Amino acid sequence: MKPDPAEQFEALRRRYAAQIADRIQAIFDAWRRLEQSGWDNSIGTETRQLAHRLAGSAAMFGFADLGAVAREIDIGLKEWLENGRPLDAMVRHHLAQQIALLQRMLREGNATAVLPPALEPPSAVPSSPPSEAAPVPESPSASTIAVITVTNPMDSSGARGP
């Protein structure tokens, strides 16, 4: 008997959701190293790659708002790395705000996904700007089968919980 594809994909989504906090922390840590390095290109490339991976994978697993924010970071860093000029203060500020938004979404439990019943994940990041909270329908429709909320396993001191 073959495993149910819907159950397999749901297990993947839950596993992915459990890793989001670590992925966001990795982006934040890389951003801090980038700032401290004086905007070293190799650290910029690492930071961009982390944001790029989150942008693609978050959307694929139904976390469109997280994916859209990560995509903003990816695009901003890509443009900086490709043009070879120093990252101007306005762009740095915007990227720092986007990274803070990722952290706030996670901290406030707003990194949610309403999962459609389809077996295929969403194919693209939405073109509209992300909201601070993923919208959840007021009255769930027949197409809503589950809501996954990502919680931050870090306490207020920054130490990992049990």
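Along the sequence shown, residues are numbered consecutively beginning with 1. Everything quoted here is computed from the prediction, not taken from an experiment. Below, each value reflects all heavy atoms present in this structure, side chains not excepted, and no hydrogens, waters or symmetry copies.
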As a test of understanding, state which of Leu101, Leu102, Leu106 forms a side chain to side chain contact (heavy atoms under 4.5 Å, CB included) with Arg104.
Leu101
Determine the minimum heavy-atom distance between [X] and [Y], stating which atoms define it.
| X | Y | value |
| --- | --- | --- |
| Leu81 | Asn41 | CD2-O, 3.7 Å |
| Leu77 | Gly44 | CD1-O, 4.3 Å |
| Ala51 | Ala70 | O-CB, 3.5 Å |

Please report the interatomic distance [atom1]([X]) to [atom2]([Y]), rounded to the nearest 0.5 Å.
| X | Y | atom1 | atom2 | result |
| --- | --- | --- | --- | --- |
| Arg85 | Glu79 | CZ | CD | 10.5 Å |
| Glu108 | Gln103 | CD | CD | 11.5 Å |
| Leu34 | Ile43 | CG | CD1 | 6.5 Å |

Plane angle bin for Phe9 and Phe61 - parallel if under 30°, tilted between 30 and 60°, otherwise perpendicular:
parallel
Evaluate the ring planes of Tyr16 and Phe63, with Trp represented by its six-membered ring, and classify them as parallel (under 30°), tilted (30 to 60°) or perpendicular (over 60°).
tilted
Does any non-hydrogen side-chain atom of [Y] lie less than 4.5 Å from one of [X]?
| X | Y | value |
| --- | --- | --- |
| Lys78 | His52 | no |
| Glu10 | Glu7 | no |
| His94 | Met90 | no |

Does Ile27 belong to the same Ile/Leu/Val/Met/Phe/Trp/Tyr cluster as Ile75, with side-chain heavy atoms less than 4.5 Å apart forming each link?
no
side-chain contact (heavy atoms from CB on, under 4.5 Å), that's the test. Do Ile24 and Leu66 meet it? Break it down for me.
CA-CA 9 Å; Ile24 291 172; Leu66 281 176; 4.0 Å; yes
Pair Leu95-Trp80, side-chain contact (heavy atoms from CB on, under 4.5 Å): steps then yes or no
CA-CA 11 Å; Leu95 294 174; Trp80 164 61; over 6 Å; no
Salt bridge flag under 4.0 Å for residues Asp29 and Arg32:
no
For Glu35, is there an ion pair with Arg92 - N to carboxylate O distance below 4.0 angstrom?
no
Walk me through whether Val69 and Asp65 qualify under side-chain contact (heavy atoms from CB on, under 4.5 Å).
CA-CA 6 Å; Val69 174; Asp65 282 354; 5.7 Å; no
Worked check of side-chain contact (heavy atoms from CB on, under 4.5 Å) between Asp74 and Leu54
CA-CA 9 Å; Asp74 173 29; Leu54 180 62; over 6 Å; no
Between Trp31 and Ala96, is there a donor-acceptor pair closer than 3.5 Å when you use the side chain of the first and the backbone of the second?
no
Do Gln19 and Arg23 have side-chain atoms, one donor and one acceptor, less than 3.5 Å apart?
yes
